[in-house]
Amino acid sequence: MLILDTSADPAEDVTAGIWADLLAGDVPSFDAFLAEALAPQEDYLSDTERALYRHGKRLRPAILLLAARMVHGPAPLPRKAVQGAVSLEMLHVATLIHDDVIDGSALRRGLPSVNAARGTETAVLVGDLQFVQAIRGFVRAVDRDRDMALIELVLDTAFQIGCGELDELRTDMSLDPAQLIRRYWRTADRKTAVLFGLAAEAGVTLAGGRTGDARRAGFSGRRLGRALQVMDDLFDLAQDEADSGKPRGMDLLRRRASLPLVYAMEELGPDHQVSRVLRGEAVDADGLERCVAAVRGSAAFSRAYADARTQALEAIELLRPFPASRYRYALEDLALHIVDRRP
């Protein structure tokens, strides 16, 4: 049941619509909790870090709050649910800062990244501050024994994200495609999907939902996170620099095992330039464009998209047992939007 109109403008930020409509009543509390969490860091933050919070889509906290409202309804949420949403956003910002350090990215959302603006050392430390404040926020959100399991889940999620980042850096592109595909999904689960799973599971937990429902929501969130990761892989090959804020084909240039690239290696064979570049061969700008065109023209592109759509549909199916509500429908619409949006 579609409740979010995205037909007028395919580039419309659906998440902004969710915040403006379904979650409008939660915005003042969210902003107040965020300001409180950032206040102890005031002397260490610059406009670059503030821009990450100011211009972010707040997708993950939106999922947390929608999941909470899916079991709680439209009545005012417990304070701890909104506080958890803020902590989740801080955890996400920490990963963005560290991602840019690892990738050496000069831009983030078209603006200078923290490492480009302030140097690697400062970026790492500022990212660490966001992580610590996120954990502190989750700890403060706990107000009963049952919630303590959430803290373990948060810490496990943070650990898994770190493992996923290391797995990505350590991927041996000389492995055969079947091994690379298995490794890809494990890395995607750790690097991206676990945070979406945490968002949905924490939302149900902090709203007082049943443990079984929380876990089901978490499974749905992880499927959604998988779909988002694959779509990001595809956008890396399809999106113009003016829209994405970074050159096209950076995964290929950095020799990252994105899903369409691994599928392309399997289809095009070990002697194709795409496979050679991924295994370490140097490539100039023209060669990079040829490789990107080859991947986009192969079945690998549509195969990866089909996988993303399957993950999104599985995310929706896992939500079916929850009572029908505009909040559940919004989560379903969000899953479809992730795979239907245009680059």
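Sequence positions, counted from 1, serve as the residue numbers for this chain.
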### Closest heavy-atom pair and its distance - A117, T48
CB-OG1, 3.6 Å
### Message
Whether the side chain of E266 engages the backbone of V262 through a donor-acceptor N/O pair (distance < 3.5 Å, no angle test) should be reported.
### Response
no
### Query
Would you say R255 has more than 12 foreign heavy atoms packed within less than 6.0 Å of its CZ?
yes
### Message
Would you say R183 and T171 are linked by a side-chain donor-acceptor pair, where the criterion is simply a distance under 3.5 Å?
### Response
yes
### Query
Taking the side chain as C-beta and beyond, is there a heavy-atom pair between N115 and V124 under 4.5 Å?
no
### Task
Evaluate the criterion side-chain contact (heavy atoms from CB on, under 4.5 Å) for residue pair E267 and R303; output intermediate values, then yes/no.
CA-CA 11 Å; E267 178 182 342; R303 183 182 173 189; over 6 Å; no
### Message
With a sphere of 6.0 Å drawn around CZ of R215, does it hold more than 12 non-hydrogen atoms of other residues, nucleotides or ligands?
### Response
no
### Message
According to a hydrophobic-cluster definition based on side-chain heavy atoms being under 4.5 Å apart (Ile, Leu, Val, Met, Phe, Trp, Tyr only), do Y44 and V114 belong together?
### Response
no
### Query
Where do V14 and D333 land on the side-chain contact (heavy atoms from CB on, under 4.5 Å) test, with the steps shown first?
CA-CA 9 Å; V14 173; D333 290 349; 6.0 Å; no
### Task
Take T205 and L153, measure what side-chain contact (heavy atoms from CB on, under 4.5 Å) needs, and give me the verdict at the end.
CA-CA 11 Å; T205 298; L153 178 62; over 6 Å; no
## Note on the structure
Residues A304 and L234: closest non-hydrogen pair is CB-CD2, 4.0 Å
### Message
Minimum heavy-atom separation for F196 and G221, please, with both atom names.
### Response
CB-O, 3.1 Å
Check residues 61-74 and write down every donor-acceptor pair under 3.5 Å in which the side-chain atom is one partner and the other belongs to a residue at least two apart or another chain.
| unit_1 | atom_1 | unit_2 | atom_2 | d |
| --- | --- | --- | --- | --- |
| R69 | NE | D26 | OD2 | 3.1 |
| R69 | NH1 | G73 | O | 2.8 |
| R69 | NH1 | P74 | O | 3.2 |
| R69 | NH1 | A75 | O | 2.8 |
| R69 | NH2 | D26 | OD1 | 3.0 |
| H72 | NE2 | P76 | O | 3.0 |

### Message
According to salt bridge (charged side-chain N to carboxylate O under 4.0 Å, His left out), who are the partners of R210, at least two apart in sequence or on a separate chain?
### Response
D213
### Message
I need the minimum non-hydrogen distance between M90 and L34, along with the two atoms involved.
### Response
CG-CD1, 4.4 Å
### Message
Just so I know, are the side chains of H55 and L111 near enough to count as touching, which here means a heavy-atom distance under 4.5 Å?
### Response
yes
### Query
Hey, does F30 have a side-chain heavy atom less than 4.5 Å from the side chain of W19?
yes
### Task
Search all heavy atoms of R222 against all heavy atoms of G197 and return the closest pair with its distance.
CG-CA, 3.6 Å
### Message
Please determine whether the number of non-hydrogen atoms from other residues, nucleotides or ligands lying under 6.0 Å from atom CZ of R170 exceeds 12.
### Response
no
### Query
Between K191 and D167, does a salt bridge (charged side-chain N to carboxylate O under 4.0 Å, His left out) hold up when you go through it step by step?
CA-CA 9 Å; K191 181 185 173 187; D167 287 344; over 6 Å; no
### Cluster link L334 to F235, ILVMFWY, side chain under 4.5 Å
yes
### Message
Tell me whether Y184 shares a hydrophobic cluster with L175, the cluster being built from Ile, Leu, Val, Met, Phe, Trp, Tyr side chains joined at under 4.5 Å.
### Response
yes
